[in-house]
Amino acid sequence: MSAAQLHITTGLAPISVYSPYDGALVGSVDATHASEIGELLALARRGAQLSRNLPRHRRASILECAAQIVERRRDAFAETIVREAGKAIVQARKEVLRCINTLKLSAEEAKRNAGEIVPFDAYTGSERRQGWFTREPLGIITAITPYNDPLNLVAHKLGPALAGGNAVLLKPSELTPLSAINLVEALREAGLPQEVITVAIGGTDLGKALVAARDVRMVSFTGGFATGEAISRSAGLKKLAMELGGNAAVIVMNDCDFDKAVEGSLSGSFWAAGQNCIGAQRILVQAAIYERFRDAFVAATTKLQADDPSHEDTDVGPMISQQAAERAEAAVNDAIAAGAKLLCGHRREGSLYYPTVLEGMPTSCRLWHEEVFAPVVMLATFDTLDEAIEMANDPEYSLHAGIFTNNLADALEAAGRIEAGGVMINDSSDYRIDAMPFGGFKYGSMGREGVRFAYEEMTQPKVICINRG
Ligand code: NAD
């Protein structure tokens, strides 16, 4: 049993973690059973008291010290991401750097955002009242995370929650629990009292119990739509934050910096083997440069190295499992049957699915509207910006979008009218830093991450008012 896990003996078979690339056993962790929810909550209730009583300087120093521990062990953290999630090593290193940054931002937030003066004297009759509001912890937060960024997405929940003085019941993806456990160990080594984060490892039944528990004040979830819908049905009266999927469009205008548009769209499409919620799924290219862009993009795609994720020159590692790769393959087969034309890729070896580019996708096809979460991208063409914006806005949910253009008016027109939580100008949809507000528009989007914004979601204002008589 890892030190970061619960000290409860479950009698359950441990959960084995296997490499998505070659099926090798990476590690084994004790499973937590949903019936242990009472013990989990008892720990978390103690944790909530301990956490709210940590002075802000102490919360900050724990987070800062944990960031330094992760920095010292960055190679081991990156290797764990490669082994349990199959992310290419160069990309795994970037995830570790982002996690360090997320923890540092959280340390700063712990000291910064404590409340505000309320202008009581702005109201007639309240001239002799004076006061302020503080930001108080919510109490116990259930945090549920997916497999694709197994370290930094966990840091995005733990950092702001701790900065705000909360306790966390953390359920990382059962496919990739090791990075999360290592991060919690770093926080404990940095001085965080044991009970403040309770790590529970398991799947759907455990997740349901953690969501439904009455003492939990907020569920902070990152994952797929179906799970988000299930959580919203079972949560009852508590705050929900939902970071769900995307189906990002990137618009490429005739007047763009061509090479930059090809390079940016390529990375945006295939980063993390396309298992990226803000990855480009639809690239919309203006008619005059469509053929030139298509040829350059396909040529660059076929040069990408799809291989062992531990190799330094691998661009595209495996998908999380063979089943996930088979699902991607089936979705592309359906699209081809519906009339799409395959330009490259669509080859599968076990969990490795080669970067795939399609064009001529009928917009009635599921792949056009739904998240594929795989190294699959569709090219389409348009004549006017109005048309492109309409196409970008087609799906019923959206996280980010991008536009490549040298025309400021077009860039701002698109930024204003695209319905998304972020519009990146002269970058692909997948540009993100950890300090910015992050979240979706339209169906299913609730709340924002990005350290300061998650901190605000994870704290509640309390007004204090003095009547001077
Ligand atoms: P998933 O929804 O299958 O699982 C996510 C987590 O939910 C896992 O820990 C899982 O065990 C848990 N879970 C499953 N059923 C549950 C239930 N009924 N109650 C409570 N918990 C339950 O997602 P995944 O396949 O791990 O991740 C891929 C998805 O995550 C994609 O849709 C992707 O777009 C999304 N994602 C979103 C963001 C974002 O910030 N918006 C970031 C990364 C990934």
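Both ligands and their constituent atoms are indexed starting at 1 by order of listing. If you read the sequence from its start, that first residue is 1, and numbering goes on from there.
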Exercise for review: Check the pair I197, L187 against side-chain contact (heavy atoms from CB on, under 4.5 Å), reporting the backbone distance first and the verdict last.
Suggested key: CA-CA 9 Å; I197 303 173; L187 283 157; 3.8 Å; yes

Enumerate the pairs of nitrogen or oxygen atoms, one from ligand 1 and one from the protein, separated by less than 3.5 angstrom; state names and distance to 0.1 Å.
residue: ligand 1; atom: 2 (O); partner: G224; partner atom: N; Å: 2.9
residue: ligand 1; atom: 2 (O); partner: T227; partner atom: OG1; Å: 2.6
residue: ligand 1; atom: 9 (O); partner: T145; partner atom: O; Å: 2.9
residue: ligand 1; atom: 9 (O); partner: K171; partner atom: NZ; Å: 2.9
residue: ligand 1; atom: 11 (O); partner: K171; partner atom: NZ; Å: 2.8
residue: ligand 1; atom: 11 (O); partner: E174; partner atom: OE1; Å: 2.7
residue: ligand 1; atom: 26 (O); partner: Y147; partner atom: N; Å: 3.4
residue: ligand 1; atom: 30 (O); partner: G223; partner atom: O; Å: 3.4
residue: ligand 1; atom: 32 (O); partner: E371; partner atom: OE1; Å: 2.7
residue: ligand 1; atom: 34 (O); partner: E371; partner atom: OE1; Å: 3.4
residue: ligand 1; atom: 34 (O); partner: E371; partner atom: OE2; Å: 2.5
residue: ligand 1; atom: 41 (N); partner: L244; partner atom: N; Å: 3.4
residue: ligand 1; atom: 41 (N); partner: L244; partner atom: O; Å: 2.7

Practice item. Please indicate whether E390 has more than 12 foreign heavy atoms, meaning atoms of other residues, nucleotides or ligands, lying under 6.0 Å from its CD. Key: no

**Study point:** Listed partners of K111 passing side chain to side chain donor-acceptor pair (under 3.5 Å), at least two apart
**Key:** none

**Study point:** Residue pair V377, F270: steps toward the side-chain contact (heavy atoms from CB on, under 4.5 Å) verdict
**Key:** CA-CA 8 Å; V377 67; F270 299 120; 3.8 Å; yes

Check your understanding: Do any N or O atoms from the side chain of R432 and from the backbone of I278 form a donor-acceptor pair under 3.5 angstrom?
Key -> no

**Study point:** Electrostatic pair R73:E185 at N-O distance under 4.0 angstrom
**Key:** no

